[in-house]
Every structure is written in C-alpha cells, then in structure tokens.
Asks: 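The structure is given below, and queries will be raised subsequently.
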Amino acid sequence: MITVTLPDGSIREHPAGATVAQVAEGIGPGLAQAALAGKIDGAAVDLSTPIEHDAQVAILTYRDPEGTEIYRHSTAHLMAMAIKRLWPEAKLAIGPAIEDGFYYDIDMPTRLSEEELPQIEAEMKALIKAKVPARREILDRATARAFFDQRGESYKVEMIDDLPDEVETVSIYHHGDDFADMCRGPHMPHFGAVKSFKLLSVAGAYWRGDENRQMLQRIYGISFPDKKLLAEHIKMLEEAKRRDHRILGKQLDLFSFHEEGPGFPFFHAKGMIIYNELMNYCREELRKRNYQEIRTPLILNEDLWHRSGHWDHYRENMYFTKIDDRDFAVKPMNCPGCLMYYKSNLHSYRELPLRVAEFGQVHRHEKSGCLHGLFRVRTFTQDDAHHFCMPEQLEAEIRGCIEFVFAVYKTCGFENIHVELSTRPEKSIGDDAVWELATDALKNSLDAKGIDYQLNPGDGAFYGPKIDFHILDCLKRSWQCATIQVDFSMPERFDLTYVAPDQSRQRPVMIHRAIFGSVERFLGIMTEHFAGGFPMWLSPTQVTVIPVHEDLSEYAAAVAERLKTEGVRVHLDDRNEKLGARLRDAETQKVPMMLVVGEKEKNAGAVNVRRHKMGQVGTLPVDEVVAQILEEIKERRIVQ
RNA sequence: GCUGACGUAGCUCAACUGGCAGAGCAGCUGAUUUGUAAUCAGCAGGUUGUAGGUUCGAUUCCUAUCGUCAGCUCCA
C-alpha cells in the first residue's frame, strides 16, 4: 500500500500502482467525472498514470487553471486530428492553449477559410462521439525523430532537433490508431471529455514567430466543459464587438479614418470635446502637482536624433523631410525637445525636482498591418512629462508619479490595474550601480505604496528600468498605458547639468512618464470601457431637454438656457417628432441625462429626469437638477 | 511588411451561374402636435475603392493597386 496525500492535507491509502483516476474515484464519483488529469508531487500527469510510491496527489479539473489549459490543449489535439483526417498532407507545427482558447499552426497546401471551419468542427464532433482515447508513449530522441520523419512531420522533427542536448526522451500522444503528436502532456483520457467547443477564426502566423520563415495557417478555437459556458463566451465576444470603439466612434460621430491618411485619425467635433476634457482634467492635475507645461516643435534637425540615439534605434519608425536642403525628422518622441528646453537655461539644485509636461504630438511609421482604430495609429498625442531631479530625489518623484497614475485611473473609472516592473536588459548602457539605484527606486516606491507587481527581468529600456501600468477594462482585456522610466542615458548624451550647493556641476537624473500614454488610445479604451456611455463630464452632449409638445418649447428653451449659462453642454430637442422618437435618439447617442418637460413640470418649475439606460428617475425642481448636474460634472462622477 | 478575407448610397446591408444596381435608417419637402426607445407620405441620393484586362455585356471573372478587417511581427 502507498499513502496518497491530497491538497487539503487528507491522506488516503491505495495499492501501489493505483492510477490517478482511481484516486479520483476514491474521493467521489463527481470528481472522477470532472477529472481531466492529475498532479503527482507537483508534476502534471495523465489520469492513467500509476502512482508507485507515497506522494502528494492532486486531481485537476476544468476549474484549476492548469486543468483549463489541459482541456484546451486536448481540444487543440482533437482539432489537429480532425484536420489530418480531412487533409492527410497537413503538417503540424505547434498547438498550445492560450489565454482564451487554443490554436494550432498547420502547414498545408489547401488554403483554409472560415467556410472550412464547420467541416472541421463536424469531424471533431465525430471524434468526440467515438471517444477516441489518448495514449502516452515515451520514445528516445532518435526513435521519435525517425517516427515523425517517416510521417513527414518536418516541424516536429525540427523541434526535436532543437531540443537541448540533455533531453534524452520525448513523449508522444497517440489518439486512436492514426494520429500522433509530440507533446509534453498531460491530456484528457479521451476526446469524449470535450463537451463543447467552437472554432473561431483562421489567420496566418509565422513559424516560430519569425517573419522570414514559413507562413503557417493558424486556426483559433475555444472549448468548455459545458454548453452554457460556451454560450456565455460567445456572448462576451459579441459584447466586445458591440463596444468596439471603431464602431462606436462612427455611431457617436467622434472620429473617422480615411484612405487619404491611413493611421491618421480625424477628430470630429464630438470626439474633440472628449479629447479636450481629458486634457483639461490632466492640466488641472498638472497644476496641482507643480508641473510646468511646454510645447516643442514637431520637426527638428536630424542631427538631434543622431545625438539622442533615436537614429540608431528608432530610424525605421521615423518620418524624414528636407528643409532648405538640410535633413529634418518628424519627432517620434518628445524627450529630445524637452532636453533642448532644459539646456536653454542654467539650472540650480534649488529648482529640482523640475517637472516638465508636454502634450506632444508624435508621428511614428507603424507597419500598415498593425494599424487598429485609435489603438494603433501613426500619429498620437502623448501626455508626456520629464522630471529632472537629484539622485536622492528619485524615489519621491517616482512615488509621486505612481500616485498620479492611480488618481487619474480612478477618476476615469479603471479600478483594476496591473503593474509590471521591467529590469535591465542584456543590451543596455550605464554601470551596474546606477541600474541598481534606479531599479531599487522603482521597487521601493511600489513597495511603499503596497502595490503588487509582476517582475519582468530584462524587459527594461536600454537606458533604464521602467514600471508599466496595464488597465483592465470591463471585459478583462489588458491595455498598457502609463509608463514610468528612469533614464540616466539622455542626461549624459546631452550633457545636462545643474549647479550644486558647492557650485559644482552635477548630472541630474531624468524620469520619463506618461499616464494616458496616448490620449487617442486612452480615449478609445474609455469608449470601449463605457460602451460609449461616457460619464457626464466627458459626454459631448451632457443633457438633452425635450419638451413634450411644441407649446412647451419656450419653457424647455429656458431650462436649456439656464444650463448653458452654467457651462453645461446642453441640447434642446424640440423637433417635430414624437417624444418617444426624441428619447430614442438621445438614448442611442448615449446622452447621460434627458430632461422631459410637459405641462405638469412647467407649472411646478420642474423637469422630469431620465438617465441613459436607467430610465426615469423622477420629477425635480429645476434648481435642484441644475445643482446636481453641476456637481456631477465638477466631481467627475461616474454614474452607472 | 507578411498571410488570408473583404470593399455596393452618409450608415447598415441586398442584387442567382456575367444580363436594366435595390432596401431600411439618416437627409430634404410636406402632413401630423406628440408624456418616456422609431408618426405618415413624397423626393433626392451611385463612375459598385481605383486603374487595367476578358466579354456583345462586368458589382459579379482575371491582374495590379489603395484601403479595411482577422492574425503574425512590433508597440503608446
């Protein structure tokens, strides 16, 4: 007998050689049913794996993150098998589980399109019905290589060849008699366990992500242990589509794109209101936090970009032009301009920390295939700022930046923020002591604020470490926006100095930070986050006043005028349309508040309040409503 | 940039195997005077992304090109 210790600490006795599946059965029939794989002493294994000695054993179900991965991975195998049956000449590359589903990269002469997906799905269903079993086999390297070579699976052969020398054996999963794939496993015992799945899309993908290598066909799919979960997932995808800022931008008349300027957004009047409100808010915060604001030119002499290192590192993304036969470049970043500003005066230590902000419009040549609404454009405005400080001020400055980021995100409705700290990459400049100082400053600042973060070793910029802030929107999608970078390189390259108390010239440290990142992108993210129903302070139209019929236009106009005098963006809709139609228009344009006025309201000096998506709130005196509206705007309140 | 799909009225989408380019919404004109998500009627709206080609005839087939979308790569 052996002793099996379960995750909850309970202990069970089993005969030696009992399988993980038998342990699951011993615990209960429900668990045995839900079991996908197991863990023996922390190592993931198949259910059929025998336990030979005393061990820690865990049963993995879909609910475990690892179980989910196994579930999806097995579905990827299922899809690969179906494809091999339909197109035996197909060669398999890789097919992992991913964050929301799985994919398989396949090389085959037939061009797949979405139309072939149902055919593959039908084949998969047949394999599920047949409950095709999985069998694991361990082969030594040479045998495995010969096995795949003989089957013409050249990608698998390449993977085996690329394995580190110390790897002696390779595991293979056989599904049924005619399908095999190299795989670490574990896998579900048979395809019957796949209860519900859907293939979503086909796209090209490079073998090993290298654009110089073979383009493969990638098929994406998703699978769930129950139909309801699949239905929910599909609904979520539709919800995301409904919130797409590119579609809402059109519907709400916020911005547009044209063939004449691919990747260069046109901001319409309504989009401009939101854009300016975001900037106004940001400027208010800048004042509170003792920043000064500057503005530097869009085009500067090319020499500057040689000096800054951008020509070496960023040339591909830059636009160049000639003025009077001299070479110029359109700025892709604002820092060199800011450095010119710093250098235009002598600075005393008394001035530090110096906080210099710039809403700088930058241009970057992005590859045509990357462009994506406002999320990926060729020109955008950074809410940029550079802090120049003494080394001993670094930490306090970083803390200030972190506080700034969180304050702005809170106001904008983002509560879930994921923070990452990236440290020194292999290719970098500066000495270790300086890097350590900078990294510690970032780390200490995060710790002092009690912020959890993910460490990305070696992911920093070549000139310094950085903190990135990722916003999680309502659909749990993550967007990198804010960044705080410590930079010792630029002050060096541009020979920045300040005068120290002893009259010596000292080198300041530079912090580079952005909060929205790109104002355009941030606007796009907010559009999706609020599904176009912006908080009142941002809404292009904040209030629509609707008289029930024409005789009440005068009273409605007076209400509207009152709001307008108070600075509210108000619209009087006294068109010759039915009340319902005008309300519908206001609702589809996502106006946060509608004030309906009829005889009753007129006589009482009141309005009937209706809020976007919430319906009627009630009848209130005009004074009270005006006060509420003003307060909601001033407080930048989010009402949902 | 690469692979694939797509491009028809301001918007959303029709148009069989190549045979007179159509609808809803929006717009304009008129009627209707409205109590919480679409009042009715009429009118107007097009070089079918662009440039070639095949054909008696091309929105439809072919080539090129531009753009968009899904990915890959890259990034704010």
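Throughout, a chain's letter reflects where its sequence line sits, starting with A, and its residues are numbered from 1.
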Asks: Using the closest heavy atom to pick a nucleotide of RNA chain B for each, name whichever of A/Val609 or A/Asp244 lands nearer the 5' end.
Replies: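 So the residue in question is A/Val609.
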Asks: Once you measure the plane-to-plane angle for A/Phe257 and A/Phe255, does it fall in the parallel (<30°), tilted (30-60°) or perpendicular (>60°) bin?
Replies: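 Plane angle over 60°, so perpendicular.
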Asks: May I have the distance from A/Arg246 (atom CZ) to B/C11 (atom C1'), rounded to whole angstrom?
Replies: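 Between C1' of B/C11 and CZ of A/Arg246: 17 Å.
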Asks: Determine the contact category for A/Gly204: base if any of its heavy atoms lies under 4.0 Å from a base atom, sugar-phosphate if only primed atoms, P, OP1 or OP2 are that close, otherwise nothing.
Replies: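 Answer is base: heavy atoms of A/Gly204 come under 4.0 Å of a base.
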Asks: Answer yes or no: is there an ion pair linking A/Glu358 with A/Lys331, defined by an N-O contact shorter than 4.0 Å?
Replies: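 Answer for the salt bridge query: yes.
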Asks: Just N and O in the side chain of A/Gln480: are any of them under 4.0 Å from OP1 or OP2 of B/A76?
Replies: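 Answer is yes, contact under 4.0 Å.
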Asks: How far does the C1' atom of B/G22 sit from the matching atom of B/G35, given to the nearest Å?
Replies: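 Straight-line distance between the two C1' atoms is 38 Å.
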Asks: Determine the contact category for A/Arg610: base if any of its heavy atoms lies under 4.0 Å from a base atom, sugar-phosphate if only primed atoms, P, OP1 or OP2 are that close, otherwise nothing.
Replies: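 Contact class for A/Arg610: base.
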Asks: Taking OP1 and OP2 of B/C74, is either one under 4.0 Å from a side-chain nitrogen or oxygen of A/Tyr314?
Replies: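 For A/Tyr314, the contact criterion (side-chain N or O under 4.0 Å from OP1 or OP2 of B/C74) is not met.
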Asks: Between A/Ser201 and B/G71, does any side-chain N or O lie under 4.0 Å from OP1 or OP2?
Replies: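 Answer is no, no contact under 4.0 Å.
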Asks: Between A/Glu239 and A/Arg242, does any side-chain N to carboxylate O distance fall below 4.0 Å?
Replies: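 A salt bridge is present here (some side-chain N lies under 4.0 Å from a carboxylate O).
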Asks: Is the distance from OP1 or OP2 of B/U68 to the nearest side-chain N or O of A/His258 less than 4.0 Å?
Replies: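 Result: no.
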Asks: Classify A/Glu599 by what it touches in the nucleic acid, base, sugar-phosphate, or nothing, heavy-atom distance under 4.0 Å.
Replies: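 Base, at least one base atom sits under 4.0 Å.
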Asks: Over all strands shown, is A/Leu371 touching base, sugar-phosphate only, or nothing at heavy-atom distances under 4.0 angstrom?
Replies: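 Sugar-phosphate: the residue A/Leu371, judged by heavy atoms under 4.0 Å, touches backbone atoms but no base.
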Asks: Could you check whether A/Glu116 gets within reach of a base, just the sugar-phosphate, or nothing at all, counting any heavy atom under 4.0 Å?
Replies: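 The answer is nothing, as A/Glu116 stays clear of every strand by at least 4.0 Å.
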Asks: Base, sugar-phosphate alone, or nothing: which one does A/Val362 contact when heavy atoms must sit under 4.0 Å apart?
Replies: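 A/Val362: no heavy atom of the nucleic acid under 4.0 Å.
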Asks: Using the C1' atom on both, measure B/U59 against B/A9 and round to a whole Å.
Replies: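 Going atom to atom, C1' in each nucleotide, I get 14 Å.
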Asks: Not counting sequence neighbours, which residues clear side-chain contact (heavy atoms from CB on, under 4.5 Å) with A/Arg378? List them please.
Replies: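 A/Pro262, A/Phe264, A/Tyr319, A/His365, A/Glu366, A/Ser368, A/Leu371.
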Asks: When all nucleic acid strands are considered with a 4.0 Å heavy-atom cut-off, which category describes A/Glu520: base, sugar-phosphate, or nothing?
Replies: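 A/Glu520: no heavy atom of the nucleic acid under 4.0 Å.
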Asks: Aromatic rings A/Phe469 and A/Phe406: how do their planes relate, parallel, tilted or perpendicular, breaks at 30° and 60°?
Replies: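 It falls in the perpendicular class, over 60°.
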Asks: Using a 4.0 Å heavy-atom cut-off, does A/Val548 contact any base of the nucleic acid, only the sugar-phosphate backbone, or nothing at all?
Replies: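 Base contact.
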Asks: Check the geometry between A/Tyr220 and B/G71 and answer yes if their rings are stacked (centres below 5.5 Å, planes below 30°), otherwise no.
Replies: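 Base of B/G71: not stacked against A/Tyr220.
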Asks: Under 4.0 Å, heavy atoms only, any strand: does A/Gly369 hit a base, just the sugar-phosphate, or nothing?
Replies: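 Touches a base.
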Asks: When we call it a touch if two heavy atoms are under 4.0 Å apart, what does A/Gln251 touch: a base, just sugar-phosphate, or nothing?
Replies: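 No contact.
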Asks: For B/C40 versus B/G57, give the span between their P atoms, rounded off to a whole number of Å.
Replies: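 Pairwise P distance, B/C40 against B/G57, rounds to 46 Å.
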Asks: A/Lys600 NZ to B/G35 P: how many Å, rounded?
Replies: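 Rounded to the whole Å, the gap is 11 Å.
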Asks: Under a 3.5 Å cut-off for both contacts, is B/U3 paired Watson-Crick or G-U wobble with anything, and if yes, with which nucleotide?
Replies: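 Checking every strand shown, B/U3 finds its partner in B/A70, with both distances under 3.5 Å.
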Asks: Is there a Watson-Crick or G-U wobble partner for B/G27 with both distances under 3.5 Å, and if so, which one is it?
Replies: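 For B/G27, the partner nucleotide comes out as B/C43, under the 3.5 Å rule.
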Asks: Using heavy-atom distances to pick each residue's nearest nucleotide on RNA chain B, tell me which of A/Glu550 and A/Lys367 is more 5'.
Replies: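 This one resolves to A/Lys367.
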Asks: Taking NZ, NE, NH1 and NH2 as the nitrogens, is one of them in A/Glu403 or A/Arg289 under 4.0 Å from a carboxylate oxygen of the other?
Replies: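 Salt bridge flag = no for A/Arg289 with A/Glu403.
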